[in-house]
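Have a look at the structure below before the remarks.
Computed from a prediction, not measured in an experiment: that's the story for all the values here. The chain is numbered in sequence order, starting from 1. Order of listing sets the numbers, starting from 1, for every ligand and every atom in it. Heavy atoms only: backbone and side chains are in, while hydrogens, waters and symmetry mates are out.
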Amino acid sequence: MKKALITGITWQDWSYLAELLLEKWYEIHWVKRRTSLINTDRIDHIFQDPHEENKKFFLHYWDTTDSGNMIKLVADVKPDEVYNLAAQSHVHVSFDMPEYTANSDGIWTLRILEAIRVAWLEKSCKFYQASTSELFGWMDYNRPEAWYNESSPMHPRSPYWCAKLYAMWIARNYKESYWMFCSNWILFNHESPRRWETFVTRKITMAVAKIKLWLQEKLYLWNLDAKRDWGHAKDYVEAMWLMLQQDKPDDFVIATWVSNTVRDFVNWSFEEVWIKLEWRYSWVDEKWYDVETWKCLVEVDPKYFRPAEVNYLLWNASKARTVLWWEPKYTVRELCKEMVRSDIEKFERDELLKSHGYTVLNQCEW
Ligand code: NAP
Ligand code: GDD
């Protein structure tokens, strides 16, 4: 049985990765930082599995800023595969907390690589680094999209991406210097019903569900013309696992190769609840109205402005297709539908419980 050590377990990617690795009979060591509030609702279903024999999980407490703890943990567990997903991953927040982001996303990767090396596991342990599409930053509209791939020049546009660029290069450096198996996954935006609530897709689908159920009046956004290539996290964790099953380490762009605007995502989400919108005015005065009631449902709020922005993201993911034989199964419309439906179900359930006097509690034991 292979042993996997996974960092960053409370959010989206980990929960899908854990489901996949369980199917493949891994022993999973998962590490989480201590928080004063319980935040394990995305993974509770995995730990509430009634079949004892499926419980191949071991919880360890740790933080990306704590190297001593990681050195001890890696030496004790001796993992076959390390999936490094933990990060302060919000771009806007990284402008508010640039130093913390550099430490927890950039230097942290060095800490874990060193932990593997000093435990003498550099020849046996495969290391996966969650890198990001936005490392490329600018996209030159005059060049065909097909040109941009794993070796295109990088131009990060936020403290988060600068930290991730360091993380990617230090992983490449350990591969070249110590012959470690280090692969970088250059990920485009991937979403799901388990996406954190402040990323734009989930913010939109939650607001649409709440507006439909009369629990929220309006949705506030910024930069509706930003374009992103959105895939489903479930598809992307499969690529993650495939990368570590290769004979040689390598870097891969993982994307669906279709780019849409935030505006499109808003429209599709409202279409799922049969609300048709029409917009009036433009730029910071933009407002969207329900064509039946003429109630304003979406507005622009400069609060979400970013000092530097990446307006367009679309890259060539053909290497992952030809080498890993990886193909995304979900389209962005299917993803949007699943997210809206799941949010409607969630809020309906919460409201029903509240109406019966129950508090909606998280059930995690630790
Ligand atoms: P996410 O939802 O933001 O989850 C990040 C995880 O890291 C959480 O479990 C968080 O724990 C943990 N974490 C953050 N700071 C920590 C610290 N100081 N110590 C310990 N744990 C810490 O991210 P995701 O969407 O699942 O993405 C996973 C990885 O892929 C990240 O590295 C992200 O940068 C990268 N990535 C994601 C996308 C995407 O579109 N989703 C695209 C490109 C790259 P708490 O619950 O305690 O906060
Ligand atoms: N979060 C957010 N909130 N974004 C908004 C909003 C809003 O209210 N209004 C407009 N946007 C725009 C952002 O300015 C950006 O252009 C786009 O929507 C997507 O924003 P996010 O969903 O926050 O994602 P991101 O692209 O900045 O970053 C995500 O993807 C990266 C990979 O491409 C994160 O998951 C990063 O961790 C990841 O590296």
Side-chain angles (χ1 to χ4, degrees), residues 6-17 30-43 61-66 69-70 83-95 97 100-101 103-105 108-109 111 128-137 156-158 160-161 163-164 167-168 184-192 194-204 207 219-233 236-237 240 253-255 260-263 265-266 298-306 308-315:
I6 313 177
T7 72
I9 61 131
T10 44
W11 292 101
Q12 170 185 271
D13 286 9
W14 187 86
S15 63
Y16 288 112
L17 180 64
W30 46 290
V31 288
K32 115 176 245 313
R33 63 173 156 180
R34 197 258 162 193
T35 44
S36 60
L37 290 175
I38 292 170
N39 63 355
T40 51
D41 49 322
R42 283 160 179 82
I43 52 175
Y61 280 106
W62 133 106
D63 191 289
T64 55
T65 50
D66 182 350
N69 192 3
M70 186 45 72
Y83 294 84
N84 187 25
L85 305 180
Q88 187 304 92
S89 73
H90 203 281
V91 175
H92 197 173
V93 171
S94 77
F95 285 101
M97 303 170 67
Y100 171 78
T101 305
N103 189 9
S104 92
D105 296 12
W108 153 244
T109 306
R111 290 189 185 107
Y128 160 90
Q129 171 60 19
S131 205
T132 164
S133 56
E134 297 185 38
L135 289 178
F136 297 117
R157 302 253 301 151
S158 73
Y160 161 71
W161 297 317
K164 283 281 185 180
M168 177 162 157
N184 284 290
W185 195 47
I186 305 167
L187 294 169
F188 279 68
N189 301 46
H190 47 287
E191 322 288 315
S192 75
R194 301 179 197 169
R195 183 65 149 145
W196 195 37
E197 292 82 353
T198 59
F199 292 105
V200 80
T201 54
R202 186 76 200 287
K203 182 174 166 181
I204 295 168
L219 164 65
Y220 292 93
L221 294 168
W222 176 257
N223 198 1
L224 290 154
D225 294 315
K227 283 188 115 181
R228 290 290 183 275
D229 175 341
W230 286 296
H232 198 302
Y236 283 39
V237 299
M240 202 187 277
V253 165
I254 306 294
N260 291 285
T261 59
V262 173
R263 190 183 296 279
F265 207 91
V266 172
V298 185
E299 245 184 72
V300 164
D301 186 344
K303 187 169 94 181
Y304 302 108
F305 167 78
R306 295 175 181 187
E309 173 69 289
V310 174
N311 283 316
Y312 186 26
L313 274 178
L314 185 64
W315 247 260

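Nearest non-hydrogen protein atom to atom 15 (C) of ligand 2 is Arg228 NH2, 3.4 Å. Of all protein heavy atoms, the one closest to atom 38 (C) of ligand 2 is Tyr160 OH, 3.6 Å. When only non-hydrogen protein atoms are considered, atom 1 (N) of ligand 2 lies nearest to Thr198 O, 2.9 Å. The protein heavy-atom contact nearest to atom 9 (N) of ligand 2 is Trp222 O, 2.8 Å. When only non-hydrogen protein atoms are considered, atom 24 (O) of ligand 2 lies nearest to Asn189 ND2, 3.6 Å. The protein atom (non-hydrogen) at minimum distance from atom 26 (O) of ligand 2 is Glu134 OE2, 2.5 Å. Of the protein's non-hydrogen atoms, the one nearest atom 6 (C) of ligand 2 is Val200 CG2, 3.6 Å. Counting only heavy atoms of the protein, atom 20 (O) of ligand 2 lies nearest to Arg306 NH2, 3.6 Å.
Every atom of ligand 2 is numbered from 1 in the order shown, and the set under 4.0 Å from a heavy atom of Arg195 is 29 (C), 34 (C), 35 (O). If you number the atoms of ligand 2 from 1 as listed, the ones under 4.0 Å from a heavy atom of Lys203 come out as 7 (C), 8 (O). Close contacts of ligand 2 with Glu309, meaning ligand atoms under 4.0 Å from a residue heavy atom, involve 13 (C), 14 (O), 15 (C), 16 (O). The contact set between ligand 2 and Val262, taken as ligand atoms under 4.0 Å from a residue heavy atom, comprises 18 (O). For ligand 2, the atoms sitting less than 4.0 Å from at least one non-hydrogen atom of Leu187 are 32 (C), numbered in the order shown with element in parentheses. Close contacts of ligand 2 with Val91, meaning ligand atoms under 4.0 Å from a residue heavy atom, involve 27 (O), 28 (O). Atoms of ligand 2 found under 4.0 Å from any heavy atom of Ala226 (numbered from 1 in listed order, with element): 16 (O).
The closest approach between Arg195 and ligand 1 falls below 4.0 Å for a heavy atom of the residue. Contact analysis puts Lys164 in contact with ligand 1, with a non-hydrogen atom separation below 4.0 angstrom. Assignment of Lys303 to the shell around ligand 2 is not supported, since no heavy atom sits closer than 4.0 Å. For His90, the closest heavy-atom approach to ligand 2 falls below 4.0 Å. Heavy atoms of Asn189 approach ligand 1 to within less than 4.0 angstrom. Ligand 1 has no atom lying under 4.0 Å from any heavy atom of Trp108. Using a 4.0 angstrom heavy-atom cutoff, Tyr100 counts as in contact with ligand 1. Distances from ligand 1 to the non-hydrogen atoms of Tyr236 include no value under 4.0 Å.
Checking side-chain atoms of Asp63 against main-chain N and O of Asp66 turns up no donor-acceptor pair under 3.5 Å. Between the side chain of Ser94 and the main chain of Tyr160, a donor-acceptor pair closer than 3.5 Å is present. Proximity of a side-chain donor or acceptor of Asn184 to a complementary backbone N or O of Ile186 within less than 3.5 Å is not detected. Judged purely by atom type and a 3.5 angstrom limit, His90 has no side-chain atom pairing as donor or acceptor with the backbone of Phe199. Ser133 contributes a side-chain N or O that, together with a main-chain N or O of Leu187, makes up a donor-acceptor pair within less than 3.5 Å. For Arg195 (side chain) and Arg202 (main-chain N/O), no donor-acceptor pair under 3.5 Å exists by modelled atom type. With hydrogens and angles ignored, the 3.5 Å screen pairs a side-chain donor or acceptor of Lys164 with a backbone N or O of Ala130.
Closest heavy-atom approach to atom 28 (C) of ligand 1 within the set Asp63, Ile6, Asp13, Val31: this belongs to Asp13. Looking at Ser133, Ser89, Ser131, it is Ser131 that brings a heavy atom closest to atom 44 (C) of ligand 1. Remark: among candidates Gln129, Arg33, Glu191, the nearest residue to atom 48 (O) of ligand 1 is Arg33, based on non-hydrogen atoms.
The shortest N or O to N or O distance between Thr35 and ligand 1 is not below 3.5 Å. Geometrically, ligand 2 and Phe199 share no nitrogen or oxygen pair separated by less than 3.5 Å. Residue-to-ligand polar distances keep Ala130 apart from ligand 1: every N/O pair is separated by 3.5 Å or more. Among the atoms of Thr65, none of the N or O lies under 3.5 angstrom from an N or O of ligand 1. For the pair Phe199 and ligand 1, the shortest N or O to N or O distance does not fall below 3.5 Å. Residue His190 has at least one N or O atom closer than 3.5 Å to an N or O atom of ligand 1.
Note that Arg228 lies outside the cation-pi zone of Phe188, set by a 6.0 Å cut-off to the ring centre and a 45° limit from the axis.
One distance of note links OH of Tyr236 with CG of Asp13; it measures 11.0 Å at 0.5 Å rounding. The CH2 atom of Trp222 sits 13.0 Å away from atom NZ of Lys303, with the distance rounded to the nearest 0.5 Å. For the atom pair CG of Leu221 and CG of Asp301, the computed distance is 9.0 Å after rounding to the nearest 0.5 Å.
Between the side chains of Gln88 and Thr101, a donor-acceptor pair is found at a separation under 3.5 Å. Between the side chains of Asn84 and Gln129, at least one donor N or O lies within less than 3.5 Å of an accepting N or O. Side-chain contact annotation: Lys203 with Tyr304, donor-acceptor N/O pair under 3.5 Å present.
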Evaluation steps, salt bridge (charged side-chain N to carboxylate O under 4.0 Å, His left out), between Glu309 and Lys227: CA-CA 11 Å; Glu309 173 69 289; Lys227 283 188 115 181; over 6 Å; no
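Between Thr7 and Ala86 the shortest heavy-atom distance is OG1-N, 3.0 Å.
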